[in-house]
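The structure appears right after this line, and notes come after that.
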There are 2 protein chains.
Amino acid sequence: MTVPEQRLQEALTTLKESGVRITPQRHAVLEYLMQSMKHPTADEIYKALEDKFPNMSVATVYNNLRVFLDIGLVRELTYGDSSSRFDCNTSDHYHIICDECGKIVDFHYPSLNEVEQLAEQVTGFDVSNHRLEVYGTCENCQQMAKH
Amino acid sequence: MTVPEQRLQEALTTLKESGVRITPQRHAVLEYLMQSMKHPTADEIYKALEDKFPNMSVATVYNNLRVFLDIGLVRELTYGDSSSRFDCNTSDHYHIICDECGKIVDFHYPSLNEVEQLAEQVTGFDVSNHRLEVYGTCENCQQMAKH
DNA sequence: TCTTACATTAGAATGCTTATAATTTAGTTT
DNA sequence: AAACTAAATTATAAGCATTCTAATGTAAGA
Ligand SMILES: [Mn+2]
Ligand SMILES: [Mn+2]
Ligand SMILES: [Zn+2]
Ligand SMILES: [Zn+2]
């Protein structure tokens, strides 16, 4: 069994344990998320499944994403100007985003505890977490720029 | 002359040098931004000025914020679920945000160059910048929680 | 004072997301 | 296997922040 398939099975088990029904649409959204490496938007998921489910409502995609978020199966990535993206990799990792094409790539870095501690001291906040994104130009877009 | 007044004068000079006309509405939006410490939204600016300018359009606020952004007089802060916030402090600094009340507070920390360098090595991106926000509970909301 | 390119205005339009209400169905109970 | 029912899906409307449009107004130079 491939890694995405295994993650899908685990996710289905988690859903059942939470008393959530497994519908064909829900299964398809989950399957697409698990197999996708590209942090898709709700609309990308909707469009990717419209051949298989021509009558599926976009609300169903949103409803299911909400269910998955609440159970902790996916993470929501929010940026300013456009729509949310969804990440089925819930392990601790950061993202680097291409300014040109919008591609989002995972990268790992030891968590920035010193920053959280300093922020706590300086501001008096009780710190819970942080977000960090790095921006730049991906290798593809660097190549494109050369020609 | 206070610091906000001085920043306002400098900003007006920058605008004039860029060939941008100084209208009463533009002046008021800029003045409000410079004197505000709270990273206001477009709507907050609009509402704060509606006594002085009862006929001002919300589009005027957005138009002017766009002009200020293009010239580099303000920074736009974007978060997932709600509207953009605007920061007239364009110097290098980070933000810490209260999960309870949404308050945004500045804090300074040496720029995270090692993170940018590692991301560059690992992903092959040509890195340009990064964003970092810390989240937690502000002192006020900590007090409230105790009672 | 005259002129005009730029700015403002009201309102319509857009794009993403959520709400509503009717219909269908997954999973349990008989 | 059939019936039941709470949950899920659907189509559509609504909400909200932001941008667009086209008519009107005005800042600043000539
Ligand atoms: Mn990821
Ligand atoms: Mn700030
Ligand atoms: Zn790229
Ligand atoms: Zn607070």
Charged N to carboxylate O below 4.0 Å: is that the case for A:Glu50 and A:Lys52?
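Not counted as a salt bridge, because no side-chain N and carboxylate O are separated by less than 4.0 Å.
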Residues B:Arg7, B:Glu5: salt bridge by 4.0 Å N-O rule
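Between B:Glu5 and B:Arg7 there is no salt bridge, as every charged N stays at least 4.0 Å from the carboxylate O atoms.
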Would you say [X] reaches [N]'s phosphate, i.e. side-chain N/O to OP1/OP2 under 4.0 Å?
X: B:Gln25; N: C:dT9; answer: yes
X: A:Tyr62; N: C:dT18; answer: no
X: A:Thr60; N: D:dT10; answer: yes
X: A:Arg26; N: D:dT9; answer: yes
X: B:Ser57; N: C:dG11; answer: no
X: A:Asn63; N: D:dT10; answer: no

Are side-chain N/O atoms of B:His108 and B:Asp92 paired as donor and acceptor at under 3.5 Å?
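B:Asp92 and B:His108 do not have a side-chain donor-acceptor pair below 3.5 Å.
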Interatomic distance, [X] [atom1] vs [N] [atom2] [rounded to whole Å]:
X: B:Asp43; N: D:dT19; atom1: CG; atom2: P; result: 14 Å
X: A:Lys16; N: D:dA7; atom1: NZ; atom2: C1'; result: 17 Å
X: B:Glu44; N: D:dA17; atom1: CD; atom2: P; result: 11 Å
X: A:Tyr79; N: D:dA17; atom1: OH; atom2: P; result: 22 Å
X: A:Lys47; N: C:dC16; atom1: NZ; atom2: C1'; result: 12 Å
X: A:Asp70; N: D:dA8; atom1: CG; atom2: P; result: 12 Å
X: B:Ile22; N: D:dA28; atom1: CD1; atom2: P; result: 7 Å
X: B:Glu50; N: C:dT9; atom1: CD; atom2: P; result: 13 Å

Are any side-chain N or O atoms of [X] and backbone N or O atoms of [Y], one a donor and one an acceptor, separated by less than 3.5 Å?
X: A:Glu17; Y: A:Leu12; value: no
X: A:Arg85; Y: A:His39; value: yes
X: A:Ser57; Y: A:Ala59; value: yes

Just call it for [X]: base, sugar-phosphate, or nothing, with non-hydrogen atoms closer than 4.0 Å on any strand.
X: A:Asn55; result: sugar-phosphate
X: A:Thr41; result: nothing
X: A:Pro24; result: sugar-phosphate

Mapping A:Thr23 and B:Phe86 onto DNA chain D by nearest heavy atom, which one lands closer to the 5' end?
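The answer here is A:Thr23.
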Look at the side chain of B:Ser84 and decide which nucleotide, out of D:dT18, C:dT17, C:dT9, has an atom nearest to it.
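It is D:dT18.
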Among the candidates D:dT10, D:dT19, C:dT18, find the nucleotide nearest to the side-chain atoms of B:Arg66.
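Output: D:dT19.
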Answer with yes or no whether B:Arg21 presents, from its side chain, a donor or acceptor under 3.5 Å of a partner atom in the base of C:dA5.
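Between C:dA5 and B:Arg21, which were checked side chain against base, a qualifying N/O pair under 3.5 Å is present.
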